[in-house]
Number of protein chains: 2
Amino acid sequence: MRGSKVSTLGYALLGLLAREALTGYELTGRVRERIGFFWGAGHSQIYPELAKLEGAGLVTYEPVAQEGKPDKKIYSITDAGQAALAGWAVTPVEPGPTRDELTLKAYSAWAADSVKAAELFRGEERRHRERLAEYERLQAWMHEEWAEALWDPGTPEFATYATLRRGLGYEREYAEWCGWLAGSLEQR
Amino acid sequence: MRGSKVSTLGYALLGLLAREALTGYELTGRVRERIGFFWGAGHSQIYPELAKLEGAGLVTYEPVAQEGKPDKKIYSITDAGQAALAGWAVTPVEPGPTRDELTLKAYSAWAADSVKAAELFRGEERRHRERLAEYERLQAWMHEEWAEALWDPGTPEFATYATLRRGLGYEREYAEWCGWLAGSLEQR
DNA sequence: TAAGTCATGTAAAAAGTTACATGATTCT
DNA sequence: AGAATCATGTAACTTTTTACATGACTTA
């Protein structure tokens with residue numbers, strides 16, 4: 001069982017467990033809230049993945065009995081898990097396609113009604129600008145709350161901040177592109 | 001057979017066939033070369049998908065016998081296919097996560113060796129800058145070759161240009177982020 | 001009383017990746 | 001001689017999504 005290779009989702013979960021011990025339920029929330037911008041998974045994928053990680057010795061769990069609520073399992077990362085995560089984090093990614101359905105729609109927008117197409121991209125622009133504003137609020141919060149840690153790349157706070165910066169740039173660029181495209185379609 | 005719903009890949013193929021009639025083999029190349037930046041599929045996914053589209057009446061094919069080479073099927077989009085594509089292109093996308101393994105690695109980079117992590121992001125910066133340069137060459141070519149069409153959102157050339165602009169912004173932003181992160185990791 | 005939170009799972013289907021299978025021609 | 005191009009498919013496997021299944025407690 002030790003040799004079975006870990007999926008990307010497995011490493012995503014290890015990355016969350018390297019920061020704090022969590023239940024499968026909490027992990028489901030963390031995946032959505034903390035890394036939901038660049039990875040996703042529902043609980044039906046997470047519970048089996050945790051079982052695999054446990055079988056591979058990368059995580060352990062402590063069962064906790066509860067009253068009025070179902071019992072739970074608090075998962076924590078093991079030393080082997082920590083080592084696996086550290087190794088994976090510096091291994092090159094194979095460059096595959098970034099699947100983006102909206103860009104795919106833009107590729108065929110010429111064949112569609114230009115008024116409706118303009119509306120679609122105007123709406124997407126709005127969505128991305130809203131997200132951008134959200135990320136900017138988060139950034140301000142991090143600067144206040146984590147001031148010192150943001151200069152030390154050895155802290156989880158720095159890493160969280162780094163991914164936020166990626167989100168900031170991504171949303172800003174995406175919103176601008178949507179706006180440009182919507183404008184072009186409207187001028188017709 | 002008419003009611004079976006079309007996958008995103010199906011619409012990607014329709015988008016390519018709306019421009020020119022192609023064989024499955026050629027489509028495999030077009031997916032890689034033309035829309036490979038924002039969507040991907042290998043031939044083993046494309047051939048069955050074409051059969052589905054044909055069953056749904058969205059494409060037709062003409063069999064062509066060849067000597068010295070295997071026979072081929074030239075697929076073209078039908079009126080129903082054109083209508084389905086036009087409808088899909090203006091339908092809102094549900095906002096799901098953009099899977100980005102490198103950002104996921106950044107999220108756990110704090111737990112890894114910072115020298116190796118810096119090398120990873122420096123390398124990725126280079127890769128994205130190379131792609132950016134490629135896209136800039138393509139953009140220059142389009143400006144020369146397609147000058148008039150780039151102002152008419154009703155042409156496929158405009159749509160191709162629009163996706164290229166997305167790629168340009170994406171790569172530029174991604175390269176800059178990688179550079180910033182690599183710099184931060186190196187200062188340590 | 002209806003919706004939301006906490007809590008864990010399984011099952012089925014769809015989508016995507018990798019490997020198997022064949023075979024002539026052309027280029028290096 | 002070996003690799004690449006043309007050309008089409010199937011099989012096996014992994015990953016992801018959607019649905020099924022249960023149930024007490026809390027909030028609106």
Side-chain angles (χ1 to χ4, degrees), chain A residues 4-13 21-33 35-36 38-56 59 61-75 93-101 104, chain B residues 4-13 21-33 35-36 38-56 59 61-75 93-101 104:
Chain A
S4 63
K5 63 168 163 294
V6 180
S7 68
T8 305
L9 173 60
Y11 291 112
L13 299 180
L22 296 163
T23 66
Y25 182 84
E26 289 170 319
L27 272 165
T28 304
R30 289 294 190 289
V31 166
R32 194 176 358 92
E33 293 151 19
I35 62 171
F38 47 94
W39 209 262
H43 77 276
S44 68
Q45 211 184 343
I46 290 169
Y47 287 114
E49 190 62 42
L50 281 170
K52 273 188 215 168
L53 292 173
E54 203 263 332
V59 301
Y61 68 84
E62 204 198 337
V64 177
Q66 292 187 124
E67 288 172 53
K69 285 180 203 172
D71 295 351
K72 62 182 175 182
K73 297 174 181 177
I74 301 175
Y75 285 88
V93 292
E94 348 82 278
T98 304
R99 284 162 207 283
D100 186 334
E101 203 177 342
L104 198 57
Chain B
S4 62
K5 60 168 164 294
V6 180
S7 69
T8 304
L9 173 60
Y11 290 112
L13 299 181
L22 295 163
T23 65
Y25 182 84
E26 288 170 319
L27 272 165
T28 304
R30 289 293 189 291
V31 166
R32 194 177 357 91
E33 294 150 19
I35 63 171
F38 47 94
W39 209 262
H43 77 275
S44 68
Q45 212 184 343
I46 290 169
Y47 287 113
E49 191 63 41
L50 281 171
K52 273 188 215 168
L53 292 173
E54 202 263 331
V59 301
Y61 68 84
E62 204 198 337
V64 176
Q66 293 187 123
E67 287 173 54
K69 286 179 201 172
D71 295 350
K72 61 183 176 182
K73 297 175 180 175
I74 300 175
Y75 284 88
V93 292
E94 348 82 279
T98 304
R99 285 163 205 282
D100 187 335
E101 203 178 341
L104 198 57

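First the proteins, then the strands, lettered A, B, ... as listed; each starts at 1.
- Distance CD (Glu49(A)) to P (dT14(D)): 12 Å, rounded to an integer number of Å.
- Side-chain contact between Thr8(A) and Trp39(A) is present, with at least one heavy-atom pair separated by less than 4.5 Å.
- For Glu33(B) and dT5(D), the CD to C1' distance is 13 Å, given to the nearest whole Å.
- Distance CD (Gln45(B)) to C1' (dT16(D)): 13 Å, rounded to an integer number of Å.
- In this structure, Asp71(B) contributes its side chain and Gln66(B) its backbone to a donor-acceptor pair below 3.5 Å.
- The span of DNA chain C lying next to chain B, judged by atoms under 4.0 Å from heavy atoms, is bounded 5' to 3' by dA15(C) to dT25(C).
- When all heavy atoms of Thr23(B) and Lys72(B) are compared, the closest pair comes out as CG2-CD, 3.7 Å.
- What separates CZ of Arg32(A) from C1' of dT17(D) is a distance of 16 Å, to the nearest Å.
- Positionally, the nearest nucleotide of DNA chain D for Pro70(B) lies more toward the 5' end than for the other of Pro70(B) and Glu94(B).
- Looking at Val64(B) and Lys73(B), their side chains never come closer than 4.5 Å, going by heavy atoms from C-beta outward.
- Arg30(B) has its CZ atom 14 Å from the C1' atom of dC6(D), to the nearest Å.
- Between the side chain of Arg99(A) and the backbone N or O of Gly40(B) there is at least one donor-acceptor pair closer than 3.5 Å.
- Between Gln66(B) and the phosphate of dA7(D), there is a side-chain N or O to OP1/OP2 separation shorter than 4.0 Å.
- Ile46(A) places its CD1 atom 14 Å from the C1' atom of dT15(D), with the value rounded to the nearest Å.
- For Ile46(B) against Val31(B), the heavy-atom pair with the smallest separation is CD1-CG2, 4.0 Å.
- Distance Arg99(A) CZ to dT15(D) P: 14 Å, rounded to the nearest Å.
- Side-chain atoms of Glu33(B) never come within 3.5 Å of backbone atoms of Arg30(B) as a donor-acceptor pair (strictly under, hydrogens ignored).
- Counting to the nearest Å, the P atom of dT22(D) and the CG atom of Asp71(A) are 19 Å from each other.
- In this structure, Gly42(B) reaches neither bases nor backbone, as no heavy-atom distance under 4.0 Å exists between it and the strands shown.
- Between Lys73(B) and Val6(A), it is Lys73(B) whose nearest contact on DNA chain D lies nearer the 5' terminus.
- Contact annotation: side chain of Ser44(A) to base of dT16(D), donor-acceptor pair absent below 3.5 Å.
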